[in-house]
4 protein chains.
Amino acid sequence: MSNEEPMNRSRRGRRPAGEVRAEVLEATSALLADEGLRAVTFDRVAARCGASKTTIYKWWPSPGALAAESYFSRSEKELVFRDTGDLFTDIRAQLRSFVRLLTEHGGGRVIAELIGAAQSDPDLSAAVSERYTMPRRLLAIDYFERALERGQLLNGVDVNLLVDQLWGACYNRLLIPDAPLDIAFADALLHSTLRGAASAGYRSTLQ
Amino acid sequence: MSNEEPMNRSRRGRRPAGEVRAEVLEATSALLADEGLRAVTFDRVAARCGASKTTIYKWWPSPGALAAESYFSRSEKELVFRDTGDLFTDIRAQLRSFVRLLTEHGGGRVIAELIGAAQSDPDLSAAVSERYTMPRRLLAIDYFERALERGQLLNGVDVNLLVDQLWGACYNRLLIPDAPLDIAFADALLHSTLRGAASAGYRSTLQ
Amino acid sequence: MSNEEPMNRSRRGRRPAGEVRAEVLEATSALLADEGLRAVTFDRVAARCGASKTTIYKWWPSPGALAAESYFSRSEKELVFRDTGDLFTDIRAQLRSFVRLLTEHGGGRVIAELIGAAQSDPDLSAAVSERYTMPRRLLAIDYFERALERGQLLNGVDVNLLVDQLWGACYNRLLIPDAPLDIAFADALLHSTLRGAASAGYRSTLQ
Amino acid sequence: MSNEEPMNRSRRGRRPAGEVRAEVLEATSALLADEGLRAVTFDRVAARCGASKTTIYKWWPSPGALAAESYFSRSEKELVFRDTGDLFTDIRAQLRSFVRLLTEHGGGRVIAELIGAAQSDPDLSAAVSERYTMPRRLLAIDYFERALERGQLLNGVDVNLLVDQLWGACYNRLLIPDAPLDIAFADALLHSTLRGAASAGYRSTLQ
DNA sequence: TACTAACCGAGACGGTACGTCCCGTCTTGAG
DNA sequence: CTCAAGACGGGACGTACCGTCTCGGTTAGTA
């Protein structure tokens with residue numbers, strides 16, 4: 001409760017904007033990791049990092065949007081989509097690492113809470129889309145379009161749809177936990193999907 | 001603001017439980033329809049229907065759970081899954097009506113908000129699963145198992161997975177609106193999925 | 001700053017109303033005496049006595065009104081206006097004790113701040129009038145009317161006006177400190193005023 | 001709310017001090033007239049006239065002091081105290097015009113708020129005294145001293161006290177509105193006071 | 001005339017209070 | 001005597017203001 005470390009500086013006036021932003025994001029990350037999205041309130045973040053609520057309001061429209069930036073700014077480095085030329089192996093690696101992200105290290109809880117809160121917070125919804133889901137969708141689409149050009153996917157396959165079939169199914173098991181989300185699911189999902197979308201040569205390599 | 005219609009009864013004594021429950025659910029439905037899930041708070045529901053918070057706490061563990069019951073109790077009548085024996089047509093009808101439910105009558109917003117809030121509310125999560133998503137998943141699984149027995153699906157197809165590929169992809173477009181959710185998407189999704197899962201005879205009927 | 005003694009009870013629910021009111025008034029009195037009217041804020045009072053802001057808002061419309069009740073409820077016991085039948089002596093005693101109240105014990109500062117804040121706070125203005133100034137005015141008027149009947153005041157003297165000439169002049173020196181407020185002023189004021197208002201017999205006893 | 005007319009100058013450099021001062025005072029007067037003393041904050045004045053808070057802080061110690069200068073600089077021209085040699089008539093004219101100032105053009109509210117705020121703002125208190133109340137007190141004292149020399153007032157009358165009996169009683173009705181402040185009150189007040197202070201000859205002219 | 005240094009106004013900062021809403025708990029009074 | 005009405009403590013929201021301080025554009029002083 002009162003473990004907020006007030007960090008009592010005696011400076012009252014303006015501080016460099018970057019410094020304040022960094023401290024706000026750091027405090028947010030700590031709260032997010034320790035207690036989840038519900039703990040990320042403007043009041044607690046302000047108390048924890050010594051910033052004022054006014055300042056936080058100037059940069060982030062809602063606690064959810066702040067949490068999103070705090071979380072996603074750390075995961076942007078993972079934005080790599082290896083292209084070895086082997087469709088099946090590449091996508092399997094992506095799906096597996098995605099499932100691991102969601103199931104290990106508690107990352108799934110944060111993402112689920114962010115997407116969940118976004119349903120009632122347009123600002124957060126925009127932040128999640130712009131900083132997280134949309135970039136990843138575009139990377140996958142890029143990859144699939146290259147695979148199409150290489151003849152690894154059937155002509156006429158909707159690469160946008162493919163993303164929903166693969167990652168969307170994973171998000172579904174994350175957000176609506178009526179069935180388990182694990183590596184086995186990811187692998188089965190990939191087989192089942194590529195069986196309908198991959199060209200004949202590729203399909204023959206499945207199982 | 002104060003248009004909560006205090007419904008000035010002067011009766012303080014106990015009323016029949018069913019009567020009070022019905023009024024609570026009715027007030028909840030009205031709030032849900034008018035202002036969304038955020039407006040469904042115990043305080044406002046109590047003020048609107050003349051019940052006390054104590055009463056509401058006895059029956060529902062959280063505002064989300066109350067909203068869920070209020071919403072799902074109206075949609076249970078739609079729990080039909082026609083089985084004409086025609087796999088493609090039956091599933092297409094189901095998917096299309098599901099998409100219409102989510103996109104047309106504003107139902108999508110409520111469901112999205114409920115699933116969203118469930119990410120931070122275990123009681124609501126349980127309610128959504130038990131009263132909405134799981135029954136529907138089981139209906140679909142039942143249907144697919146019959147289709148398997150009829151030889152319309154490939155041997156070894158994971159019918160549970162099939163649900164995530166189809167409905168999960170739709171939920172994905174609902175909850176993460178980076179791409180549109182519409183009938184065309186549902187149809188393309190169905191084609192792409194069955195191409196990998198349906199048996200040869202069925203597959204040949206897909207374009 | 002953090003000498004607010006949080007008085008950490010662990011009781012969350014409703015407490016008896018009288019108990020809460022008493023604690024709120026006590027905390028207010030302490031703040032008023034220690035730091036003046038500016039320190040009486042709903043936030044600090046709530047923090048000091050363990051009440052919630054909501055509760056305080058229910059009973060007092062503004063911090064000033066709370067301070068007024070807190071202060072005046074202690075001074076009501078002084079509401080005595082001795083009537084010995086000797087106009088000059090009685091009024092002199094009243095004026096002198098009034099001036100002492102305003103100049104000693106720091107009481108003047110509080111009253112001045114309350115009347116000052118009332119100029120921009122209608123709720124406080126009403127509280128000051130109802131609980132402090134008007135009862136005292138009425139007591140003086142009562143006395144003067146008895147003096148009129150006793151023939152100690154000239155026929156036609158406006159007793160209401162007399163109050164403004166005597167106590168009003170004192171308030172003037174309190175609120176607009178261009179000249180000192182002391183016993184000598186009170187005595188001179190009384191002589192000068194009664195010289196114009198007292199009947200001939202009484203007037204001859206002055207000086 | 002945001003109708004503060006940002007007056008979009010693009011000049012960042014220094015402007016003549018007098019020009020800025022005038023604009024600040026003008027903006028203050030407008031706020032004072034429109035919304036009262038509470039609206040005179042450094043933030044709003046700065047936003048309204050395009051100056052920065054830094055600039056305003058350089059010249060005025062508190063919003064109240066700024067409001068006082070803004071208001072009193074307009075009323076200084078009224079500083080005339082006619083001396084026709086007729087004590088009763090001259091003072092009656094003064095008191096009547098003072099009451100009219102306080103009751104008619106909304107001036108009373110501003111003065112009451114300024115005196116009120118001065119109770120908690122030493123800077124404002126000094127400004128009110130120096131720029132408003134003390135000059136007027138001195139004018140009255142001057143007049144009364146001349147009247148003393150002319151033999152129109154009793155020997156030994158305390159002219160300073162006389163000011164509190166007359167104007168102080170009016171301020172009392174302004175600041176503690178338990179009784180009305182109007183011309184009739186001023187006239188009655190004057191009669192009653194002069195009956196005790198004027199010399200015999202003058203007194204005989206009162207009714 | 002171009003170029004740098006000092007200055008100072010615009011406004012962001014930390015802090016505090018406001019007034020409101022909601023949650024979950026508890027007293028109390030009506031039936 | 002029971003239980004529902006609703007007041008309670010706690011906490012977050014979003015806004016306004018104060019008084020302090022950084023920052024960058026303007027101007028004055030050098031090259």
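Here is the naming used below: chain letters follow the sequence lines, and residue numbers restart at 1 for every chain.
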What's the CG-P distance between C:L31 and E:dT16, to the nearest Å? 15 Å
Salt bridge (charged side-chain N to carboxylate O under 4.0 Å, His left out) partners of residues 117-128 of chain D, not counting sequence neighbours, each pair once: none
Quick check: on DNA chain E, is the nucleotide nearest A:V20 upstream (toward 5') of the one nearest B:V40, or the reverse? Name the residue that is more 5'. A:V20
Could you state the atom-to-atom distance from CH2 of A:W60 to C1' of F:dC13 in whole Å? 18 Å
Please state how far atom CZ in B:R44 lies from atom C1' in F:dG6, giving the value in whole angstrom units. 18 Å
Give a yes/no answer on whether the side chain of B:S52 brings an N or O atom under 4.0 Å of OP1 or OP2 in F:dA5. yes
Between B:Y57 and A:K58, which is nearer to the 5' end of DNA chain E once each is assigned its nearest nucleotide? A:K58
Roughly, in whole Å, what's the span from CZ in D:R48 to P in F:dC17? 13 Å
Nearest-Å distance, CG (D:L66) to C1' (F:dC18)? 14 Å
Tell me the interatomic distance from A:I56, atom CD1, to E:dG14, atom P, rounded to whole angstroms. 8 Å
Can a salt bridge be assigned to the pair A:E69 and A:R21 using a cut-off of 4.0 Å between side-chain N and carboxylate O? yes
Can you measure C:D43 atom CG to F:dG9 atom C1' for me and round it to whole angstrom units? 14 Å
A:L37 and A:A117: which non-hydrogen atoms are nearest, and at how many Å? CD2-CB, 3.7 Å
Go through the N and O atoms of the side chain of A:K53 and the base of E:dG14, and report whether any donor-acceptor pair is under 3.5 Å. no
Give me the ring orientation class for C:F42 and C:Y57: parallel if the planes are under 30° apart, tilted from 30 to 60°, perpendicular past 60°. perpendicular
Heavy atoms only, 4.0 Å cut-off, all strands: where does A:T55 land among base, sugar-phosphate and nothing? sugar-phosphate
With sequence neighbours left out, which residue pairs that include part of residues 51-66 of chain C fulfil the salt bridge (charged side-chain N to carboxylate O under 4.0 Å, His left out) condition? C:D43-C:K53
Specify the separation, in whole Å, of atom CZ of D:R38 and atom P of E:dC18. 10 Å
Any donor-acceptor N/O pair under 3.5 Å between F:dG6 base and B:T54 side chain: yes
Whichever of A:P61 and D:P63 has its nearest DNA chain F nucleotide further upstream toward 5': A:P61
Would you indicate what D:F42 reaches in the nucleic acid, counting non-hydrogen atoms under 4.0 angstrom: base, sugar-phosphate, or nothing? sugar-phosphate
